[in-house]
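One-based numbering, in listed order, for ligands and for the atoms of each.
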Amino acid sequence: MEIHGRAPTLQWTVPTATRRRIALFSMPFQGHINPMLQLANILHSQGFKITMIHTEYNSPNHSNYPHFTFKSISDNFSEIINQLPKKDPSFYIKYLNSSCVDPFRNCLAGLLLEEPIACLIADAGFYFTQAVADELKIPRVVLRTSSLGCVVAYGVLPILSEKGYFNPPKEDYETSVPEHPLLKFKDIVKISINPQGMSEFVTNMHNQMKASSGIIWNTFKELEESALETIHQDFPIPNFTIGPFHKYFSASSSSLIEQDRTIISWLDTQAPKSVIYVSFGSVARITELEFQEVAHGLANTGLPFLWVVRPGVVSGSEWLELLPEKFLERVGDKGRVVKWSPQQEVLAHPATGCFWTHSGWNSTLESICEGVPMVCSPCFVDQPIIARYVCDVWKIGVLLKDDFERLGIEMTIKRVMMDDEGEEIQKRIHCLKEKVNLSLVEGGSSYRSLQSLVDYILSF
Ligand code: UDX
């Protein structure tokens, strides 16, 4: 059976009389804000009242969510973020986990004076929130915004760091890591430039996930069955795989950057499955040289492309000033470059044939749900792990060689768009797309897991 389109409206709405409040707290980054707001919408549709606590930095747009209450906590992150090392997320996550403690505790305590709260749902990256929840005696459920496979792999990072695997000799780059053979040494190198900081972050996060009352995952059981078994052993608390969240509510309203919608009419003029869509998400960066190779590589394919160039994706540049000379004239109507796109709509458009992505978890799920094969260029943190799953486990994408080089880019895109290999990839991802849809309808795994989550929260 094939089921197209969005998941049907959820049907087991909790009676209004039992409405209880949930407080949610997201990390202030696009890839975390999107799933948290989607989850809030899902729970609201189940009859819960929603309070979103958020930092001033990257505040969501309140007017898009008139049915929620918002509480902002002060942070001076905007002032210092430009001084923090961009390539070391563990550093700014550590910073946030210390600077948010007092304002968050005061905010939550204030909320409790107004009304009882069934539970706190906090981003797993905010590991400090467990101590606050314990102190204020409310259950804390965690939202982990990455894949199950990523969390399993993160589990071995502290050992890999101790063994010095983050700094292997170049000749070992293509060798599998004995402790986690799916990964190669070159993947470990990419995860973080600060192995000690990363290990410390992972240890803190995992310890406080284990101490929580449960974990919500933006994934579905059929996609990550074997990783789920490991998760049940490593995190012996209730685990809820209710995703993909965006199938219930899209991420467009939680976008921090304005989405350029003019490209949809351009896509309408393109042949089915002919367009290469390129986006490296909200935080990944590339060098000036890589940027120019991307431009040449795309133009050389001769295929239509839609390229998201996020301002700041190349350090020190405003936007398009580093493009090769006369690039836009050369590609003419064949190529479109925008600052930010309505990504889910682009992926769902019949003209989109391939997604060249940084392998962020939201982007990967969105691509799977629309059956769009991927070219993967992971940058850091969870992305090299997710890319391995895409290319070597699910076999629904191809990894681009590390050096962004125009010929390699052209060949890899053509492998996916034009070769027999691409057709096989297409068949496999289409099969996954059908599994996603089945998981979300009545009786499906995500549907049932959401029902369990609602019952669980009501039991607090
Ligand atoms: C970050 C990390 O990089 C990622 O690895 C982790 O899994 C989540 O946090 P990000 O880099 O932003 O996220 O990537 P991703 O998880 O793919 O999220 C990007 C979101 O922005 C997606 O929901 C996507 O639909 C949206 N987006 C992206 C747009 O709306 N428009 C765009 O042009 C590009």
Side-chain angles (χ1 to χ4, degrees), residues 26-39 58 60-61 64 86-90 92-93 123-126 143-151 153-154 187 190-192 198 205 217-219 243-247 249-264 267 277-286 305-313 319 336-349 352 355-370 372 374 376-390 397:
S26 171
M27 297 223 86
F29 308 108
Q30 187 74 76
H32 293 250
I33 291 169
N34 284 359
M36 188 62 93
L37 281 163
Q38 288 157 1
L39 175 64
N58 276 349
N61 186 346
N64 288 340
K86 290 276 172 311
K87 289 202 159 169
D88 181 10
S90 66
Y92 46 79
I93 290 173
D123 193 300
F126 271 138
L143 167 63
R144 184 69 181 100
T145 57
S146 195
S147 67
L148 295 165
C150 160
V151 172
Y154 271 15
D187 302 324
K190 272 195 176 178
I191 288 173
S192 176
M198 187 70 192
M205 176 167 65
W217 302 89
N218 186 12
T219 190
F245 298 172
H246 75 277
K247 291 289 281 181
F249 293 97
S250 89
S252 54
S253 51
S254 52
S255 193
L256 297 169
I257 310 176
E258 196 183 341
Q259 296 175 325
D260 185 336
R261 306 193 52 79
T262 61
I263 47 168
I264 300 294
L267 281 172
Y277 171 58
V278 188
S279 167
F280 302 133
S282 64
V283 280
R285 283 163 181 262
I286 55 176
F305 65 85
L306 169 57
W307 181 13
V308 176
V309 178
R310 189 189 80 240
V313 72
W319 191 37
R336 281 291 156 104
V337 183
V338 294
K339 289 184 175 163
W340 199 243
S341 80
Q343 179 164 300
Q344 286 168 28
E345 275 175 71
V346 170
L347 290 169
H349 197 285
T352 304
F355 182 13
W356 180 7
T357 170
H358 69 310
S359 300
W361 185 236
N362 296 291
S363 294
T364 304
L365 275 180
E366 288 159 10
S367 210
I368 290 173
C369 287
E370 302 306 339
V372 179
M374 286 165 264
C376 300
S377 291
C379 177
F380 59 4
V381 286
D382 54 349
Q383 299 155 15
I385 305 163
I386 293 166
R388 280 287 160 213
Y389 274 86
V390 167

With heavy atoms of [X] as the reference, note each atom of ligand 1 found under 4.0 Å away.
X	value
S341	29 (C), 30 (O), 31 (N), 32 (C), 33 (O)
S363	15 (P), 17 (O)
H32	9 (O)
Q383	2 (C), 3 (O), 4 (C), 5 (O)
W361	7 (O), 16 (O)
D382	4 (C), 5 (O), 6 (C), 7 (O)
Y277	32 (C), 33 (O)

Inset, instruction - Using side chain to side chain contact (heavy atoms under 4.5 Å, CB included) as the criterion, point out the one residue from V308, V278, V309, I263 that pairs with V337. - result: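 Testing V337 for a side chain to side chain contact (heavy atoms under 4.5 Å, CB included) against V308, V278, V309, I263 leaves exactly one candidate, V309.
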Note, [X] side chain near [Y] side chain (heavy atom, < 4.5 Å):
X	Y	value
L256	S282	no
S192	F380	no
M374	I368	yes
Y277	Q343	yes
F245	T145	no
L306	V338	yes
H246	N34	no
Q383	K190	no

Would you check whether [X] reaches within less than 4.0 Å of ligand 1, judged by its heavy atoms?
X	answer
F29	no
T145	no
K339	no

For [atom], what's the nearest protein heavy-atom neighbour? Residue, atom name and distance, please.
atom	result
atom 16 (O) of ligand 1	N362 ND2, 2.8 Å
atom 14 (O) of ligand 1	H358 NE2, 2.9 Å
atom 20 (C) of ligand 1	N34 ND2, 3.6 Å
atom 27 (N) of ligand 1	W340 CZ2, 3.3 Å
atom 13 (O) of ligand 1	G31 CA, 3.5 Å
atom 28 (C) of ligand 1	Q343 OE1, 3.1 Å
atom 23 (O) of ligand 1	E366 OE2, 2.7 Å

When you compare ligand 1 with [X], is there at least one nitrogen or oxygen pair between them that comes in under 3.5 angstrom?
X	result
S282	yes
Q30	no
S146	no

Measure [X] to ligand 1 on non-hydrogen atoms and call it side chain, backbone, both or neither using the 4.0 Å cut-off.
X	answer
Q259	side chain
W307	neither
V308	side chain
S279	side chain

Legend entry - Parallel, tilted or perpendicular: rings of F29 and Y92 (30°, 60°):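 Y92 vs F29 ring planes: tilted.
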Legend entry - Rounded distance (nearest 0.5 Å) linking atom CD1 of I93 with atom CE of M198: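 Separation between the atoms: 7.5 Å.
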Inset, instruction - Flag the pair D260 and K339 as a salt bridge only when some basic side-chain nitrogen lies within less than 4.0 angstrom of an acidic carboxylate oxygen. - result: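 So D260 does not pair with K339 through a salt bridge.
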Inset, instruction - Check the pair S359, T357 against side-chain hydrogen bond (donor to acceptor under 3.5 Å, both in side chains), reporting the backbone distance first and the verdict last. - result: CA-CA 5 Å; S359 300; T357 170; 4.8 Å; no
Legend entry - Positive for ring pair (Phe, Tyr, Trp, His ring centres under 6.0 Å) with F280, one of W340, W356, W307, F355: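 Only match with F280 under ring pair (Phe, Tyr, Trp, His ring centres under 6.0 Å): W356.
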